[in-house]
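Remarks on the structure that follows.
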Amino acid sequence: MQDSRADILGRIRSRLGRTAENAASGRVEIEAVLARREQGPRPAVEADLAARMRVRSEALSSTVEEVARLEDAPAAVARYLAGLNLPSAAVAWPQLAGLDWAGAGLQVEGRAANGDDLVGITGVFCAVAETGTLALLSGPDTPATASLLPETHIALVPVSRIVTGMEEAFDLMRAECGELPRAVNFISGPSRTGDIEQTLVLGAHGPYRVHIVLLRDC
Amino acid sequence: MQIRSMHFKGRASAAAADRVLQGKLATAKGLFVDGRRRAVAEIDLEATREASQAIRNRAVAHLDLWLERFEQEATRRGGQVLWARDGAEICRLVTDIARRHGVKKAIKSKSMLSEEAGLNAALEAAGVQPVETDLGEYILQINDNEPPSHIIAPVIHKTKEEVADLFARVHQKPRKTEIGEMTREAREMLRTHFLSADMGISGGNFLVAETGSVALVTNEGNGRMVTTLPRVHVVITGVEKVVPTLEDLATLMRILPRSATGQSISNYFSVLTGVKRPEDTDGPEHLYFILVDNGRVDLLGSDFQDMLRCIRCAACMNHCPVYQTIGGHAYGWVYPGPMGSVLTPLFVGIENALDLPHAATMCNQCGVVCPVKIPLPDLMRKLREQQVERRLRPWGERAALKLWAWLARHPSLYAFAAKFGVRYLNWLAEGGDRIRVMGVAPSWTAGRDFPTPEGRTFRELYKTRRNE
Ligand code: SF4
């Protein structure tokens with residue numbers, strides 16, 4: 001095993017003409033690249049990030065509604081589920097389990113999702129306005145399965161957590177988490193496939209529908 | 001995967017006569033080509049291509065150092081980095097890991113390297129059930145392990161009727177004809193596998209040196225399942241897949257989905273770093289990276305180094321008139337279209353894929369759309385040159401070129417031959433401006449006309465002009 005590593009790296013070095021001197025200067029160069037974190041060209045994104053988020057999410061076949069505060073979320077979720085005749089039992093991020101779900105007539109358990117859960121409720125780490133994308137980080141209070149296994153995914157998105165692009169999302173992660181969690185999942189609408197006759201079908205392996213509840217004052 | 005690239009001509013001719021296949025390819029072409037055009041209009045395409053090219057070049061220029069950095073970071077986060085020289089080594093490493101962890105079932109999200117290695121057969125032989133979970137790949141697997149015909153739309157060559165028959169037969173359920181229902185049926189079949197597998201095997205779109213992460217792009221969500229649910233996750237990627245920073249990832253993600261499917265962003269883009277932490281309730285406990293050479297290292301410093309930039313977006317095949325006519329199977333190995341015409345000979349041996357560098361009209365559509373600016377036609381031309389240098393061209397062609405070279409060195413004979421040739425072609429045209437059947441090489445005009453030369457030869461014209 002070890003000799004494959006030595007062999008492959010050895011051949012890479014010899015094909016690149018690596019010597020002790022240019023290895024030293026090469027290391028300086030890669031450190032500089034890592035420190036610079038140079039960005040590529042960025043498309044223009046309008047200043048009203050919430051509006052952009054809404055438009056782009058809808059273009060990705062998500063649905064969007066807006067409420068004022070986090071405390072308004074349970075009622076909004078209950079309305080949404082009832083409107084589509086979806087079950088009132090859901091799994092949610094443990095982080096959100098403290099909200100008054102029962103008061104809105106929902107049976108919500110805060111835990112990771114299993115194959116039988118039909119509705120998953122999550123928050124987000126942040127959201128990316130450029131593409132209408134949700135950014136979720138895995139963790140004990142924010143299990144990755146809640147946005148993946150259920151047929152319906154409902155995400156509560158504080159408007160203050162909407163950033164311009166993926167670059168800003170990564171910056172926020174570096175600033176707030178130090179290093180990346182096990183999984184950073186960027187989610188852009190319900191899961192889909194176009195494999196059969198290139199016909200788009202929503203709900204391949206992940207959720208059939210994604211509903212975004214924007215929290216205006218959060 | 002078995003290499004069938006030497007049979008290109010026969011298979012391409014059969015495919016070119018298949019009207020049904022071309023119908024399917026034409027629909028897909030419309031979607032991919034129009035979709036891409038719309039999606040790239042949202043960004044500064046040329047600037048983003050330049051930046052993407054620069055990112056990939058930066059990675060390749062110090063590949064050893066970036067890989068060492070990646071390895072260091074990935075290891076620090078609890079991953080184990082292994083190296084494989086070829087397909088056989090991939091198979092050995094993966095089956096060893098399976099054995100070590102007592103794995104019975106492995107769920108797979110798309111990995112071209114596992115196709116290169118023929119990994120599924122090796123897993124089966126080792127008593128592990130491999131399950132492809134990308135819908136297209138799943139369809140191929142249950143159809144007796146049929147090979148894919150496109151790198152991102154593997155069953156582009158199948159109609160829904162064919163899939164309906166296949167599902168009815170294999171799933172033993174009433175035949176469905178609506179694509180949504182068929183997808184739901186496959187979802188249900190695969191759910192049980194997702195929830196019961198011990199190991200997940202994925203490819204990787206990129207490796208990030210800064211963080212030791214693998215970045216995975218999917219639409220179906222199977223990639224997330226494969227990397228979240230089983231207790232062991234194995235990533236198999238080529239050594240060239242490394243990029244320096246998360247910012248680089250952000251830039252490449254602006255151009256990859258747009259070039260591939262015309263999406264501004266793919267549904268799921270996951271950046272995965274390390275194993276499940278003690279307090280986490282989901283995620284794999286063991287994470288292995290298998291970094292693969294299988295022919296890639298030899299491209300460094302060669303005429304073909306540009307090819308190492310490839311991000312496997314498939315734009316080149318979506319825009320290729322040859323691919324449009326014959327589909328992917330004729331290319332005979334894992335990679336079809338222009339990128340396959342370059343990669344296949346380089347990976348499996350130039351003498352095992354002689355026709356592929358010639359399977360091009362040199363229209364440069366591929367070069368124009370490639371998001372990392374790989375000059376694909378130039379690379380095909382270089383492969384053609386190598387065939388000539390290594391005397392791999394057929395004797396008839398070599399003899400004809402020799403004759404031409406000899407003629408060209410004898411100006412008066414050349415003038416005579418040219419004069420005779422022009423007269424002959426004019427005679428064939430019977431006074432018209434097109435030749436319907438080329439006398440000495442009738443197959444040349446089987447599908448097109450040959451234009452009649454304009455009057456006299458260059459030399460004759462030159463002579464008269466000088467005299468005037
Ligand atoms: S060669 Fe260019 S266009 Fe073709 S798959 Fe690779 S990156 Fe895409």
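Excluded from the calculations below are hydrogen atoms, water molecules and symmetry mates; all remaining heavy atoms, backbone and side chain alike, are included. Numbers restart at 1 for each chain; the letters A, B, ... are given by sequence-line order, proteins then strands.
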Next on the checklist: I need the residue from A/Thr199, A/Leu180, A/Val128 with the largest number of non-hydrogen atom pairs under 4.5 Å to chain B.
Outcome noted: A/Leu180
Checklist entry - Are side-chain N/O atoms of B/Asp248 and B/Thr245 paired as donor and acceptor at under 3.5 Å? => result yes
Checklist entry - What part of B/Val239 lies closer than 4.5 angstrom to a heavy atom of chain A: side chain, backbone, both or neither? => result side chain
Next on the checklist: Counting C-beta onward and ignoring hydrogens, is there a side-chain heavy-atom pair between B/Met225 and A/Leu149 closer than 4.5 Å?
Outcome noted: yes
Next on the checklist: Would you call the rings of A/Tyr80 and A/His211 parallel, tilted or perpendicular, taking 30° and 60° as the class edges?
Outcome noted: parallel
Item to check | Region of B/Leu287 in contact with chain A, defined by heavy-atom distances below 4.5 Å | outcome: neither
Checklist entry - What part of B/Ile152 is in contact with chain A, defined as an atom under 4.5 angstrom from a non-hydrogen atom: side chain, backbone, both or neither? => result backbone
Checklist entry - Are there more than 12 heavy atoms of other residues, nucleotides or ligands under 6.0 Å from atom NZ of B/Lys29? => result no
Next on the checklist: For B/Ala61, which atoms come within 4.5 Å of any heavy atom of chain A: side chain, backbone, both, or neither?
Outcome noted: backbone
Checklist entry - Relative to the ring of A/Phe186, is the ring of B/Phe269 parallel (under 30°), tilted (30 to 60°) or perpendicular (over 60°)? => result parallel
Checklist entry - Using non-hydrogen atoms only, which part of B/Leu272 is less than 4.5 Å away from chain A: side chain, backbone, both, or neither? => result both
Next on the checklist: Counting heavy-atom pairs closer than 4.5 Å to chain A, which one of B/Thr251, B/Leu135, B/Thr281 comes out on top?
Outcome noted: B/Leu135
Checklist entry - For the candidates B/Ile43, B/Asp96, B/Val155, B/Asn222, which exhibits the highest count of non-hydrogen atom pairs separated by less than 4.5 Å from chain A? => result B/Asn222
Checklist outcome for this item: Turns out that what part of B/Glu188 lies under 4.5 Å from chain A's heavy atoms comes down to neither
Checklist entry - How many angstroms lie between CG in B/Leu252 and CD in B/Glu247, if you round to the nearest 0.5 Å? => result 12.0 Å
Checklist entry - Between B/Glu71 and chain A, which part of the residue has a heavy atom less than 4.5 Å away: side chain, backbone, both or neither? => result side chain
Checklist entry - Side chain, backbone, both or neither: which part of B/Thr27 has a non-hydrogen atom closer than 4.5 Å to chain A? => result neither
Item to check | Non-hydrogen side-chain atoms of A/Asp195 and B/Glu137 separated by less than 4.5 Å | outcome: no
Checklist entry - Taking every heavy-atom pair that is under 4.5 Å apart, which of A/Thr133, A/Asn114, A/Leu34, A/Leu148 has the most such pairs with chain B? => result A/Leu148
Checklist entry - Side chain, backbone, both or neither: which part of B/Ser52 has a non-hydrogen atom closer than 4.5 Å to chain A? => result neither
Item to check | Interchain contact, B/Val163 with chain A, by part (heavy-atom threshold 4.5 Å) | outcome: side chain
Item to check | Side chain / backbone / both / neither for A/Asp171 at chain B, heavy atoms under 4.5 Å | outcome: side chain
Checklist outcome for this item: Note: vs chain A, highest number of non-hydrogen pairs under 4.5 angstrom among B/Leu31, B/Thr192, B/Thr273 is B/Thr273
Item to check | Residue selection (most heavy-atom pairs with chain B, distance under 4.5 Å) from A/Arg174, A/Met166, A/Arg36, A/Glu29 | outcome: A/Arg174
Checklist entry - Of all of A/Gln39, A/Met173, A/Arg27, which one pairs up most often with chain B through heavy atoms under 4.5 Å apart? => result A/Arg27
Next on the checklist: Taking side chain as everything from C-beta outward and backbone as N, CA, C, O, which of these in A/Ser62 sits under 4.5 Å from a heavy atom of chain B? Side chain, backbone, both or neither.
Outcome noted: neither
Next on the checklist: Can you classify the ring geometry of B/His150 versus B/Phe32 as parallel (below 30°), tilted (30 to 60°) or perpendicular (above 60°)?
Outcome noted: parallel
Checklist entry - Given the rule in the side-chain contact (heavy atoms from CB on, under 4.5 Å) test, do A/Ile154 and A/Leu81 qualify, once you have shown the distances and angles that lead to the verdict? => result CA-CA 10 Å; A/Ile154 300 172; A/Leu81 291 173; 3.9 Å; yes
Checklist entry - What option among A/Val184, A/Leu202, A/Val210 has the most heavy-atom pairs under 4.5 Å with chain B? => result A/Val184
Item to check | Distance-only side-chain donor-acceptor flag, B/Ser270 / A/Asn185, under 3.5 Å | outcome: yes
Checklist entry - Can you tell me how far CG of B/Leu63 sits from CD of B/Gln305, rounded to the nearest 0.5 angstrom? => result 9.0 Å
Checklist entry - Do you see a donor-acceptor pair shorter than 3.5 Å between the side chains of B/Glu220 and B/Thr218? => result no
Checklist outcome for this item: Given A/Ala112, A/Pro181, A/Ser138, the one with more heavy-atom pairs under 4.5 angstrom with chain B than any other is A/Pro181
Checklist outcome for this item: Most contact-rich option vs chain A, by heavy-atom pairs under 4.5 angstrom, among B/Lys160, B/Arg224, B/Glu210, is B/Arg224
Item to check | Toward chain B, the part of A/Arg111 with a non-hydrogen atom under 4.5 Å | outcome: neither
Item to check | Heavy-atom contact with chain A under 4.5 Å, split by part of B/Leu190 | outcome: side chain
Checklist entry - So which part of B/Ala84 gets closer than 4.5 Å to some heavy atom of chain A, the side chain, the backbone, both or neither? => result backbone
Checklist outcome for this item: Under 4.5 Å to a heavy atom of chain B? For A/Leu134 that would be neither
Item to check | Region of A/Arg56 in contact with chain B, defined by heavy-atom distances below 4.5 Å | outcome: side chain
Next on the checklist: I'd like to check B/Thr211 versus A/Phe170 (side-chain heavy atoms, cut-off strictly below 4.5 Å). Are they in contact?
Outcome noted: no
Checklist entry - For A/Pro190, is it the side chain, the backbone, both, or neither that has a heavy atom closer than 4.5 Å to a heavy atom of chain B? => result backbone
Item to check | Ion pair check, A/Arg161 and A/Glu176, cut-off under 4.0 Å | outcome: yes
Next on the checklist: Can you tell me which portion of B/Arg49 sits under 4.5 Å from chain A's heavy atoms? Options are side chain, backbone, both or neither.
Outcome noted: neither
Checklist entry - Do B/His62 and A/Arg18 have a side chain donor and acceptor closer than 3.5 Å? => result yes
Next on the checklist: If you define the side chain from C-beta out and look only at heavy atoms, does anything of A/Val124 sit under 4.5 Å from A/Pro158?
Outcome noted: yes
Checklist entry - Checking A/Ile30 against chain B: side chain, backbone, both or neither under 4.5 Å from a heavy atom? => result both
Next on the checklist: Is A/Glu151 in contact with chain B via its backbone, its side chain, both, or neither, using a 4.5 Å heavy-atom distance?
Outcome noted: both
Checklist outcome for this item: Looking only at B/Arg69, B/Glu68, B/Arg85, most heavy-atom pairs under 4.5 Å shared with chain A are made by B/Arg85
Checklist outcome for this item: In terms of heavy-atom pairs under 4.5 Å with chain A, the winner among B/Arg184, B/Met253, B/Arg296, B/Lys276 is B/Arg184
Item to check | Proximity breakdown for B/Arg187 and chain A, heavy-atom pairs closer than 4.5 Å | outcome: both
Checklist entry - Going by atom types only, do A/Gln107 and A/Ser88 share a side-chain donor-acceptor pair under 3.5 Å? => result yes
Checklist entry - Do you see a donor-acceptor pair shorter than 3.5 Å between the side chains of A/Thr122 and A/His153? => result yes
Checklist entry - Can A/Arg52 and A/Asp48 be counted as an ion pair, charged N to O under 4.0 angstrom? => result no
Checklist entry - Under 4.0 Å between a Lys/Arg side-chain N and an Asp/Glu carboxylate O for B/Lys24 and B/Glu161? => result no
Checklist entry - Of the backbone (N, CA, C, O) and the side chain (C-beta and beyond), which part of A/Thr131 lies under 4.5 Å from a heavy atom of chain B, both, or neither? => result both
